[in-house]
Amino acid sequence: MWKGAIGFGLVSVPVRLYAATQEHGVRLHQVHDKDGGRIHLKRVCDVCGEQIDYEHIAKGFEDDEGHTAVVTQGELAGLPLPSKKLIDVLAFVDSDRIDPLQLASSYYLAPESAAANKPYVLLRETLKQTDRVAVTKIALRTRESLALLRVHGDLLTLHTMYWPDEVRDSGDLAPPGSVTVRPQELKMATSLMDTLSEDFDLEEQEDEYEVALRELIDAHLSDRPVPRKKTAPAPDNVIDLMAALQASIDSAGKKTPEGEAGKKAPAAKPARGATKKAAAPKKSTASAKSPSATAKKTTARKTTAKSTAAGSTTAKSTKKTAAKKTGRRAS
């Protein structure tokens with residue numbers, strides 16, 4: 001669609017310009033709603049009332065007092081335009097200096113001939129290694145505009161840009177600086193972003209409106225019932241921001257890692273009666289030792305009673321009893 005050269009310093013790179021994007025969609029035209037007849041727009045002069053052919057149409061400018069300056073196509077073509085066949089590089093800048101708001105249409109730049117391959121690759125690799133873009137000027141359809149030259153894969157691409165004064169001032173559209181968010185709200189919002197971004201594939205996205213429009217047209221062409229689809233209304237207010245974030249995460253099938261409101265979820269409470277059951281083994285161990293201790297005490301009491309009752313026995317019996325005790329202790 002355009003043929004010229006990239007010029008920076010004394011280096012010239014002959015290139016061809018190709019449209020990089022195309023808008024798809026169902027093309028509709030105006031018809032009469034009663035009989036379907038086509039509606040034609042005619043160029044009619046409001047002074048003489050005649051229908052004017054395109055070759056006799058000029059450009060005009062009307063000032064505040066109502067005076068009109070008529071400019072012909074020939075006069076427009078004769079205006080000096082240095083960037084008519086030249087992509088004039090003004091400067092090389094860091095890519096983050098360009099505001100995306102200024103970008104307009106996108107184009108591919110290809111080498112115009114085999115002789116242009118070497119300087120083309122040199123410019124491409126230099127931009128790539130320095131991570132820079134080139135701010136240029138170009139004239140398309142008799143209108144000069146700023147343009148951004150950058151690397152896209154193995155190609156150089158050109159993006160026409162709005163002039164700085166064509167970007168409107170945002171004024172006081174932003175919320176006041178007094179509005180703040182809490183750390184837990186940021187955590188919840190980040191979790192929601194992660195949930196919505198899982199398994200996202202940009203290539204799978206489609207124009208749902210165009211799909212519905214084609215279904216509507218097909219229904220009319222085949223005399224089938226017109227499909228009815230409703231669009232869910234967008235929420236007009238947020239009463240509880242945290243509740244809305246949590247509900248969004250839950251509906252996406254993922255829970256927050258730190259519980260509601262960005263706080264750590266409390267540890268699970270033990271089941272009722274679990275503490276008593278856990279303490280039961282200690283109690284049963286103590287009860288197992290009690291009979292043995294009681295038996296020892298009872299034996300000791302019986303032995304003491306026998307010893308008291310046998311005070312008149314012989315020394316031999318006393319020695320035997322002592323020997324038995326000593327043996328028990330040793331065992």
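No experiment lies behind these values; they were computed from the predicted model shown.
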**Student:** Side chains of H56 and D53 only: does a donor on one sit below 3.5 Å from an acceptor on the other?
**Tutor:**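 Short answer, no.
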
**Student:** Any heavy-atom pair between the side chains of F8 and T136 that's under 4.5 Å?
**Tutor:**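 Counting from C-beta outward, T136 and F8 never come under 4.5 Å.
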
**Student:** Between T72 and E75, is there a donor-acceptor pair closer than 3.5 Å when you use the side chain of the first and the backbone of the second?
**Tutor:** yes

**Student:** Find out whether T68 and F61 are in side-chain contact, i.e. whether some heavy atom of one side chain is under 4.5 Å from a heavy atom of the other.
**Tutor:** no

**Student:** Taking C-beta and beyond as the side chain, do H220 and I217 meet within less than 4.5 Å on heavy atoms?
**Tutor:** no

**Student:** Quick check for you: to the nearest 0.5 Å, what is the distance between Y162 atom OH and D99 atom CG?
**Tutor:**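 One gets 12.5 Å once the value is rounded to the nearest 0.5 Å.
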
**Student:** Has D169 got a side-chain atom pairing as donor or acceptor with G171's backbone, closer than 3.5 angstrom?
**Tutor:** yes

**Student:** Does any part of the side chain of H29, heavy atoms only, come nearer than 4.5 Å to the side chain of I39, both counted from C-beta?
**Tutor:**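 With C-beta onward as the side chain, the pair stays apart.
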
**Student:** Can you check whether D154's main-chain N or O pairs, donor with acceptor, with R124's side chain at less than 3.5 Å?
**Tutor:**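 Pair found, side chain donor or acceptor close to backbone of D154.
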
**Student:** Test side-chain hydrogen bond (donor to acceptor under 3.5 Å, both in side chains) on E210 and H24 and set out the steps.
**Tutor:** CA-CA 9 Å; E210 183 183 355; H24 61 78; 2.6 Å; yes

**Student:** Can you tell me how far apart CD (Q102) and OG (S145) are? Round to the nearest 0.5 Å.
**Tutor:** 11.5 Å

**Student:** What is the distance from atom CG of L196 to atom CG of D199, rounded to the nearest 0.5 Å?
**Tutor:** 12.0 Å

**Student:** Look only at the side chain of E185 and the backbone of R182, and say whether a donor-acceptor pair between them is shorter than 3.5 Å.
**Tutor:**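 Such a contact is found between E185 side chain and R182 backbone.
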
**Student:** Is S191 reaching over with its side chain to a backbone N or O of K187, donor-acceptor style, under 3.5 angstrom?
**Tutor:** no

**Student:** Considering only heavy atoms from C-beta outward, does the side chain of I6 approach that of L156 to under 4.5 Å?
**Tutor:** yes

**Student:** With a 4.5 Å cut-off on side-chain heavy atoms, are L146 and K137 touching?
**Tutor:** yes

**Student:** Report yes or no: does E166 contribute a side-chain atom to a donor-acceptor pair with the main-chain N or O of W163 at less than 3.5 Å?
**Tutor:** yes

**Student:** Can you tell me which residue among L155, T157, L149 is in a side chain to side chain contact (heavy atoms under 4.5 Å, CB included) with L109?
**Tutor:** L149

**Student:** Could you check if a side-chain atom of F200 sits within less than 4.5 angstrom of a side-chain atom of L202, using non-hydrogen atoms only?
**Tutor:** yes

**Student:** Heavy atoms only: give me the nearest G49-V44 pair and the separation to one decimal.
**Tutor:** O-CG1, 3.6 Å

**Student:** Tell me, do L140 and I138 make a side-chain contact under 4.5 Å, heavy atoms counted?
**Tutor:**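 Yes, their side chains come closer than 4.5 Å.
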
